Structure formats: structure tokens, C-alpha cells
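Some notes on the structure that comes next.
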Amino acid sequence: MIIQSVNDLIGKTPLMQISGYALPEGTRIVAKLEMFNPGGSIKDRLGVKLIETGFLEGTINKDTTIIEPTAGNTGIGIGMAALKYGLKMIFVVPEKFSQEKQMLMRVLGAEVVNTPTAEGIKGAVQKAKALSASSEHTYLPLQFENPLNPQTYYETLGPEIVKDLDGEQITAFVAGAGSGGTFSGVSRYLKEKWPEVRTVVVEPEGSIIAGGPPGPHDTEGIGMESIPEFMSDQSYDAVHTITDQEAFYYTRELARRNGLFVGSSSGAAFAAAVKEAQQLPPGSLIVTVFPDGSERYLSQDIYKER
Ligand code: PMP
């Protein structure tokens with residue numbers, strides 16, 4: 001088969017059993033490997049959905065400038081999806097986020113505007129809104145508010161997981177939350193199918209889902225400074241708050257033991273999946289998501305012992 005566009009390579013990522021860890025008898029942890037998307041992350045799915053829906057609904061035309069606050073992966077996803085239309089793009093990125101992701105956005109033709117790390121993602125959102133207000137023909141997808149974000153994962157990732165497992169019932173779904181789009185969309189899909197499925201949110205220390213004030217963390221791509229509406233509407237059964245040390249430990253171990261080069265949000269998801277495995281009955285089937293790969297974090301020394 002000959003592929004005509006990278007967009008044809010989005011989704012249908014592998015679901016892999018993660019072996020080599022001490023788990024209760026018969027318990028399995030399986031992970032969707034989202035770094036196999038062409039832009040290298042789970043957010044390719046969102047990028048194509050935002051751009052195609054924008055054209056369908058008329059919020060985007062060929063003269064539109066797309067402006068979006070992003071930690072990087074959503075920008076890369078939007079950038080790839082917008083290529084065939086030649087759209088102008090401005091991505092607003094807090095300066096601490098990986099240089100590799102910023103480089104990939106730029107090579108796709110985007111302008112990257114940095115905001116101070118201390119202002120967090122909120123600072124990036126404010127800056128994006130201000131840029132949009134001062135220019136013409138702009139469209140702000142605003143992944144942190146846009147219902148298309150959870151909808152994307154409800155329509156793609158949820159059904160893929162069920163199909164990959166040939167309908168075998170899942171005990172628990174464990175996923176990190178940055179915007180919460182992935183978690184909300186897949187949880188809603190799974191709960192509609194199996195109301196008793198346990199859904200578990202993963203956040204880094206310094207994220208506010210389990211309570212407490214916002215604070216800094218090195219685990220990249222997850223963590224909330226405020227709760228988006230679609231996340232507060234979505235029920236969940238537990239929250240695991242994972243330290244940077246735990247997240248980066250499992251990020252290293254997934255490379256060493258399994259040959260999986262994943263980002264730190266994957267390490268955090270796996271740390272939480274292991275905690276779940278230890279609490280659930282033997283024979284449980286735990287599904288998690290590895291959102292991206294480690295190679296976009298090498299300049300941050302992702303494999304350094306912490
Ligand atoms: N991990 C990484 C590496 C990400 O880039 C993101 C998206 N920012 C997430 C996890 C979280 O995904 P979501 O925004 O759907 O909660």
C-alpha cells in the first residue's frame with residue numbers, strides 16, 4: 001500500500017503489553033504507543049480534527065492564522081494537519097518546554113512565541129488571546145476549552161482500544177491529564193460500554209486535580225493549573241499524583257527493560273498503572289496511554305538519574 005499523506009498515518013497505534021515488572025498473578029498492563037503517530041504524539045489526532053472541523057464549519061479559511069497555546073505536541077499536530085492548506089500559525093509556548101518540540105513547530109512554518117515559565121500555561125493562554133484580539137482572520141482552537149478535544153479521543157482512541165482488545169473487558173483505564181482531553185474522551189467512551197470500568201487520572205506533583213496549590217514539575221505534558229469544564233464534567237474513580245522521581249524512574253526503566261523510548265508523561269502513566277495493579281485483584285487488565293517519545297526531550301537529559 002502507498003500512503004498519500006502523513007495524515008493517513010494518524011491513529012491505529014500499537015497496543016503493547018508491558019512485561020518485566022512484578023505484578024499480581026495474571027495482571028496485565030497494556031499501553032497505547034502514541035509515539036507511533038507521524039508527528040510523534042497523541043496530539044496528532046487532535047490537530048487533524050481541529051483543522052478539518054474548522055474548514056467544515058467555516059471558522060477557518062485559507063487566509064486564517066491559527067493561534068494556539070501549547071506545550072508543543074498540539075502545535076506539531078496542528079502544524080502537520082495545516083500543511084496542505086498553507087495556513088499561517090503562531091504557537092504560544094511557555095519557555096521551559098522542550099526545544100525539540102519548538103524546533104519541529106518552526107520547521108512546519110509556525111512562529112513560536114515564548115511566555116515566561118513562571119506564568120505557566122495560563123500565561124500562554126492569555127498571550128494567545130491577546131495576539132488573536134490584535135490581528136485579523138485568526139482562529140484560536142483553545143484545546144483547554146474546546147469540546148473537540150475530548151471528542152477526538154472519544155471517537156478515535158477509545159474505540160481503537162476496544163478493538164485492539166477484541167472486546168475483552170478492561171478493569172481500569174489509567175491516563176495522564178494535561179488538558180484532560182485524552183482522559184475525558186476515552187473514559188466517557190469506556191464508561192458507556194462498561195459502566196463498571198475503573199477510570200484513573202494521573203497528574204504530576206504540583207497539579208491541582210487532587211487538591212493543593214499549583215507548583216513546578218519536570219514531568220512534561222501533564223498537570224493542571226485550573227480544571228477545564230470538560231474535565232470537571234467527567235467522573236473518575238481515583239487520582240494518582242506521581243512525583244518527578246517516580247515518573248523519570250519508569251521512563252528510564254521502560255527504555256532499559258522494554259526498549260520503549262517514551263516521554264516522562266508515559267513514565268508517570270506507567271507508575272500509576274503499576275500502583276493500580278498492586279491494588280486491584282490478580283488477573284486485572286489495566287490499559288494506559290504512552291503519549292509521546294523520549295527523543296524530543298533528549299536536550300533536557302530525560303534519562304538522567306534524579
Ligand atoms: N503527555 C504529553 C507528552 C502531552 O503532550 C500531552 C498533551 N499536552 C498529554 C500527555 C496530556 O494529554 P491531554 O492534554 O489530552 O490531557
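These figures come from a predicted structure and were not determined experimentally. We count ligands from 1, going down the list as the structure has it; atoms in each ligand are counted the same way. Keep in mind that the numbers below use all heavy atoms, side chains included, and drop hydrogens, waters and symmetry copies.
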Inset, instruction - Record the part of Asn73 in heavy-atom contact with ligand 1 below 4.0 Å; permitted values are side chain, backbone, both and neither. - result: side chain

Inset, instruction - Identify, by atom number and element, the atoms of ligand 1 in contact range of Pro291, meaning under 4.0 Å from any of its heavy atoms. - result: 1 (N), 2 (C), 10 (C)

Legend entry - Which residues share a side-chain hydrogen bond (donor to acceptor under 3.5 Å, both in side chains) with Arg28, sequence neighbours left out: Glu168

Inset, instruction - Could you tell me which atoms of ligand 1, counted from 1 in the order shown, lie closer than 4.0 angstrom to a heavy atom of Asp292? - result: 3 (C)

Inset, instruction - Check for a donor-acceptor pair, side chain of Glu57 on one end and backbone N or O of Gly54 on the other, with a separation under 3.5 Å. - result: no

Inset, instruction - Mark yes when over 12 heavy atoms from residues, nucleotides or ligands other than Lys88 sit less than 6.0 Å from its NZ; otherwise mark no. - result: no

Legend entry - Donor-acceptor side-chain pairing of His240 and Glu276 below 3.5 angstrom: yes

Legend entry - Basic-acidic side-chain contact under 4.0 Å: Lys84, Glu52: yes

Legend entry - Distance-only N or O hit between ligand 1 and Lys43, under 3.5 Å: yes

Inset, instruction - Could you check atom 14 (O) of ligand 1 against the protein and tell me its nearest heavy-atom contact, residue, atom and distance included? - result: Ser179 OG, 2.6 Å

Inset, instruction - May I ask you to check whether over 12 heavy atoms, not counting those of Lys127, lie within 6.0 Å of atom NZ? - result: no

Inset, instruction - Please report which non-hydrogen protein atom sits nearest to atom 11 (C) of ligand 1, along with the residue it belongs to and the distance in Å to one decimal place. - result: Gly221 O, 3.4 Å

Legend entry - Minimum-distance protein heavy atom relative to atom 2 (C) of ligand 1: Ser265 OG, 3.5 Å

Legend entry - Short side-chain to backbone donor-acceptor contact, Asp44 and Gly39, under 3.5 Å: yes

Inset, instruction - State if Ala177 counts as touching ligand 1 under the rule of any non-hydrogen atom under 4.0 Å. - result: yes

Inset, instruction - Starting from atom 15 (O) of ligand 1, find the nearest protein heavy-atom neighbour and note its residue, name and distance. - result: Thr182 OG1, 2.6 Å

Legend entry - Heavy-atom check, side chain of Thr288 versus side chain of Phe173, under 4.5 Å: no

Legend entry - Heteroatom distance test (Ile222, ligand 1): nitrogen or oxygen, under 3.5 angstrom: no

Legend entry - Part of Phe290 with heavy atoms under 4.0 Å of ligand 1, whether side chain, backbone, both or neither: neither

Legend entry - Any Gly180 heavy atom less than 4.0 Å from ligand 1: yes

Legend entry - Part of Glu220 within contact of ligand 1 (heavy atoms, under 4.0 Å): backbone

Inset, instruction - Check each atom of ligand 1 against the heavy atoms of Tyr297 and keep those under 4.0 Å away; list them by number with element. - result: 3 (C)

Inset, instruction - Flag the pair Glu253 and Arg256 as a salt bridge only when some basic side-chain nitrogen lies within less than 4.0 angstrom of an acidic carboxylate oxygen. - result: yes

